[in-house]
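First the structure, in the form of structure tokens, and then the observations on it.
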Amino acid sequence: MNWNFHVLRGLARLTFAQQLILLALVPATAATLAAIAVLTRQHLDNLTELMRANAQTVALQVATAAQAPLVRMDRRILQRTAQSGTYQPHVQQVQIWSDEGEIVANSETVDRARGEGLQVVVPIVGDDGKHNGKVMVEMSLDAVQDARRSVWLNVVLVLAISLVGVGLAGWWAARRISEPIRALGKAVDRLGAGEAASVEIEGTSEVRHLQHGFNQAARALAESHRLLQSRISEATAELARKNQQLEVASQAKTRLLAAASHDLRQPLHALTLFSDGLANGETDPVRLQRIGHIRECVDSLDRLFSELLNLSQLDAGVLQPQWVDFPLDQLFDEISRNFRPVAEQQGLRLVARKTDLWVRCDYVMLSRILNNLVSNSLRHTIEGGVLIGARRRGRGVRIDVVDTGVGIALQHQARVFEEFYQVEGTGRQAPRGQRGMGLGLATVQRLADLLNTRVELTSRPQRGTCVRVLVRSAPAALPAPDAAPAVGAVEEDASLDQLRILVIDDERTILEGLTVVLTHWGAEVMAAQTRAEALALADTWTQPPDVVVSDLLLQGGDNGLDVIAALERHPRGIGAGTARLLVTGETKPDRLREVASAGITVLYKPVSPRVLRQAIQAQRASALLNAEAQALVHRT
């Protein structure tokens with residue numbers, strides 16, 4: 001069965017002309033071989049019978065001659081008689097037997113080699129009709145063998161001539177039939193390649209009809225192709241214009257967002273500082289309540305700007321995963337601490353289930369993903385609450401964020417991960433000050449792509465939403481790394497007494513706000529708006545400051561990084577013991593990459609006083625450790 005299948009597959013690979021030639025050769029070969037086999041068989045059988053008849057004749061002659069000597073038992077004459085029989089052509093041996101079966105004469109040929117023979121036995125009959133003995137004549141079959149070899153040679157010659165003749169006839173017929181078809185196939189190939197194609201009308205009536213139909217179809221297809229090409233060219237030109245307009249609009253949007261973000265962050269940062277300064281020492285409940293409202297507005301704006309900053313950092317490519325193994329429970333506890341007050345304020349429950357699972361992931365990125373998901377769930381949940389849990393799935397871990405919120409209709413579920421896309425018309429609005437810009441889930445999707453994982457969403461309107469994040473699992477025996485941000489380890493109520501801080505910012509209001517806040521914390525503040533003012537302060541101070549807090553973009557195109565570098569080169573400038581901190585409202589991707597490559601800690605405006613104080617203390621502690629390490633190296 002397999003053999004037949006392979007034969008059929010081999011035949012299918014032959015061309016049409018080859019199949020026609022094969023179709024002519026195979027029957028002709030079979031018929032010729034059959035005819036030759038029958039004729040050869042008959043010829044060889046006739047030759048064998050002829051040799052048998054010759055042997056019979058020789059045996060009768062010897063029997064007649066041996067009749068009288070055998071009666072007398074004259075062995076000498078019998079021997080000559082037997083010997084005379086061997087003189088006949090093709091006779092190999094002659095024997096004369098008595099009636100008792102005794103060989104009384106035997107003669108064999110000695111002048112030629114013995115071969116396969118044919119034996120004939122004839123009785124010796126006396127005058128009285130009695131059998132007196134027998135004569136055996138063995139006739140050589142060499143002539144038959146020679147005839148067989150001659151026949152096979154003739155067979156090969158005849159077969160070869162027949163096959164050549166049949167092959168030539170088949171080749172001529174195949175070319176006559178297949179050549180128009182081959183030309184038609186080439187024309188089809190040209191037509192498929194988009195070229196104009198036609199074939200000459202020739203051949204049999206059936207082929208001519210096919211060629212005529214092909215030419216008509218080719219002309220119609222060429223006309224359709226021309227019309228389609230014209231429409232494609234028009235559509236391509238229109239699409240290019242649309243793309244150019246979209247590109248211009250996208251660049252304008254990016255510039256607008258970057259400029260608006262930077263320009264709005266400056267006064268917002270100052271407002272943050274002044275609101276904290278107003279609250280210091282204030283005891284009037286009415287004023288404290290108003291200050292609280294101001295802080296709520298500032299926090300809401302801070303969340304919106306943070307969403308823009310997250311996408312800007314992703315666009316700039318400054319975020320790269322730092323893979324560590326850590327327990328999920330540590331991250332769940334952090335999320336619970338951050339969002340439980342928000343949930344309680346809205347009358348909701350936030351449940352983070354305990355788990356002993358460990359994962360291998362970027363702690364900060366996974367934290368940002370879950371923070372965005374929890375924040376989004378709380379924003380769109382009116383009753384009930386939010387649940388965070390994890391369970392093992394194969395070699396990974398699935399983290400679920402489930403809420404009882406308003407849910408997402410099926411037609412919106414595929415688009416909620418797009419930038420600036422928000423679902424409207426749900427009949428429920430988020431609490432005041434908590435509506436986002438439609439960037440939270442977009443940031444989640446972008447971070448998930450960086451982590452080479454996926455986010456799955458299922459939701460039912462008015463029933464809630466479940467978002468699943470799949471991450472890799474890790475062995476639970478490893479010690480927990482210090483994955484939380486370093487600033488979190490600083491005591492919030494730690495003092496900045498006697499700390500010398502140089503503040504550089506081209507906005508006078510921000511300088512005043514920073515001076516008020518830092519002075520209230522017990523620090524000694526030096527303020528400068530430009531590089532020249534900062535270097536002038538360096539000329540007069542008795543010792544360099546403990547901390548330098550600088551804006552990134554200064555007046556006249558100056559750069560905070562360049563100002564810090566100039567202070568490092570100043571004879572009385574800053575050294576390893578001085579902490580460096582950048583504060584900026586810039587969100588352009590190229591600026592973010594520049595800041596990331598500088599190796600200096602960066603805070604993005606607006607910066608709350610609590611975060612600013614923690615960052616100053618953390619950087620001061622780090623600078624002291626670096627200074628001690630360098631001093632130890634010099635001593636050794």
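Predicted, not measured: the structure shown is a model, and the values here were computed from it. Every heavy atom of this structure was used, including side-chain atoms; hydrogens, water molecules and symmetry mates were not.
- Side-chain contact check for Arg379 and Ser375: at least one donor-acceptor pair (N or O, by modelled atom type) lies under 3.5 Å.
- Looking at Asp546 and Arg500, no side-chain N of the basic residue comes within less than 4.0 Å of a carboxylate O on the acidic one, giving no salt bridge.
- In this structure the side chain of Ser550 never reaches within 4.5 angstrom of the side chain of Val583, judged on heavy atoms.
- Counting only distance, with no hydrogens or angles, the side chain of Thr381 and the backbone of Ser377 share a donor-acceptor pair below 3.5 Å.
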Report task. Under the side-chain contact (heavy atoms from CB on, under 4.5 Å) rule, what do Ser473 and Val359 come out as? Steps first, then yes or no, please. Result -> CA-CA 4 Å; Ser473 62; Val359 297; 5.6 Å; no
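- When side chains are defined from C-beta on, Thr530 does not count as touching Leu554, because their heavy atoms never get closer than 4.5 Å.
- In this structure a side-chain-to-backbone donor-acceptor pair under 3.5 Å is missing from Asp400 to Val402.
- Side chains of Thr578 and Val547 form no contact here, defined as non-hydrogen atoms less than 4.5 Å apart.
- Panel note: side chain Thr465, backbone Ser459; no donor-acceptor pair is recorded below 3.5 Å.
- Taking CZ from Arg392 and OG1 from Thr355, the interatomic distance works out to 8.5 Å, rounded to the nearest 0.5 Å.
- Minimum interatomic distance between Asn376 and His380 (heavy atoms only, all atoms of both residues): O-ND1, 2.9 Å.
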Query raised in the report: Checking side-chain contact (heavy atoms from CB on, under 4.5 Å) for the pair Leu387/Asp403: CA distance, chi angles, key distance, verdict?
Result: CA-CA 6 Å; Leu387 170 66; Asp403 64 58; over 6 Å; no
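- In this structure, the separation between CZ on Arg231 and OG1 on Thr236 is 14.0 Å, given to the nearest 0.5 Å.
- With a 6.0 Å radius and a threshold of 12 heavy atoms from other residues, nucleotides or ligands, Arg349 has its CZ atom at or below the threshold.
- Remark: the backbone N or O of Val469 is not paired with any side-chain donor or acceptor of Arg454 at under 3.5 angstrom.
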Query raised in the report: Given Asn559 and Leu552, is the side-chain contact (heavy atoms from CB on, under 4.5 Å) satisfied, shown in steps?
Result: CA-CA 6 Å; Asn559 189 305; Leu552 178 62; 3.5 Å; yes
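- Nearest heavy atom pair, residue Ile504 against residue Ala534, reads CD1-CB, 4.1 Å.
- Closest approach of Val455 to Ala448, counting heavy atoms only: CG2-CB, 3.6 Å.
- Other residues, nucleotides and ligands place no more than 12 heavy atoms under 6.0 Å from the CG atom of Asn452.
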Query raised in the report: Step by step, would you call Phe332 with Arg353 a side-chain contact (heavy atoms from CB on, under 4.5 Å)?
Result: CA-CA 8 Å; Phe332 285 3; Arg353 287 182 174 173; 5.9 Å; no
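- Counting heavy atoms from C-beta on, the side chains of Val503 and Leu511 come closer than 4.5 Å.
- Here the side chain of Asn371 pairs a donor or acceptor atom with the backbone of Ser367 at under 3.5 angstrom.
- Counting heavy atoms from C-beta outward, Glu383 and Thr404 have side chains that stay 4.5 Å or more apart.
- A distance of 5.5 Å separates CD in Gln245 from NZ in Lys242, rounded to the nearest 0.5 Å.
- Within the model, atoms CD1 of Ile232 and CG of Leu227 stand 11.0 Å from one another, a figure rounded to the nearest 0.5 Å.
- A pairwise comparison of heavy atoms in Asp497 and Trp521 identifies OD1-O, 3.5 Å as the closest pair.
- The shortest distance between side-chain heavy atoms of Ile574 and Ile564 falls below 4.5 Å.
- The CG atom of Leu373 sits 9.0 Å away from atom CD1 of Ile335, with the distance rounded to the nearest 0.5 Å.
- Considering all non-hydrogen atoms of both residues, Cys361 and Leu366 come closest at SG-CB, 4.0 Å.
- At a threshold of 4.5 Å between non-hydrogen side-chain atoms, the residues Asp356 and Leu328 do not count as touching.
- Judged by the 6.0 Å and 45° rule, Arg472 forms no cation-pi pair with Trp358.
- Around atom CD of Gln498, no more than 12 heavy atoms belonging to other residues, nucleotides or ligands sit under 6.0 Å away.
- When all heavy atoms of Ala615 and Leu603 are compared, the pair lying nearest together is CB-CD1, 3.7 Å.
- For Gln346 (side chain) and Leu378 (main-chain N/O), a donor-acceptor pair under 3.5 Å exists by modelled atom type.
- Between Asp505 atom CG and Gln529 atom CD the span is 8.0 Å, to the nearest 0.5 Å.
- A salt bridge links Lys354 to Asp333: one of the charged nitrogens lies within less than 4.0 Å of a carboxylate oxygen.
- Counting heavy atoms from C-beta on, the side chains of Val374 and Ile388 come closer than 4.5 Å.
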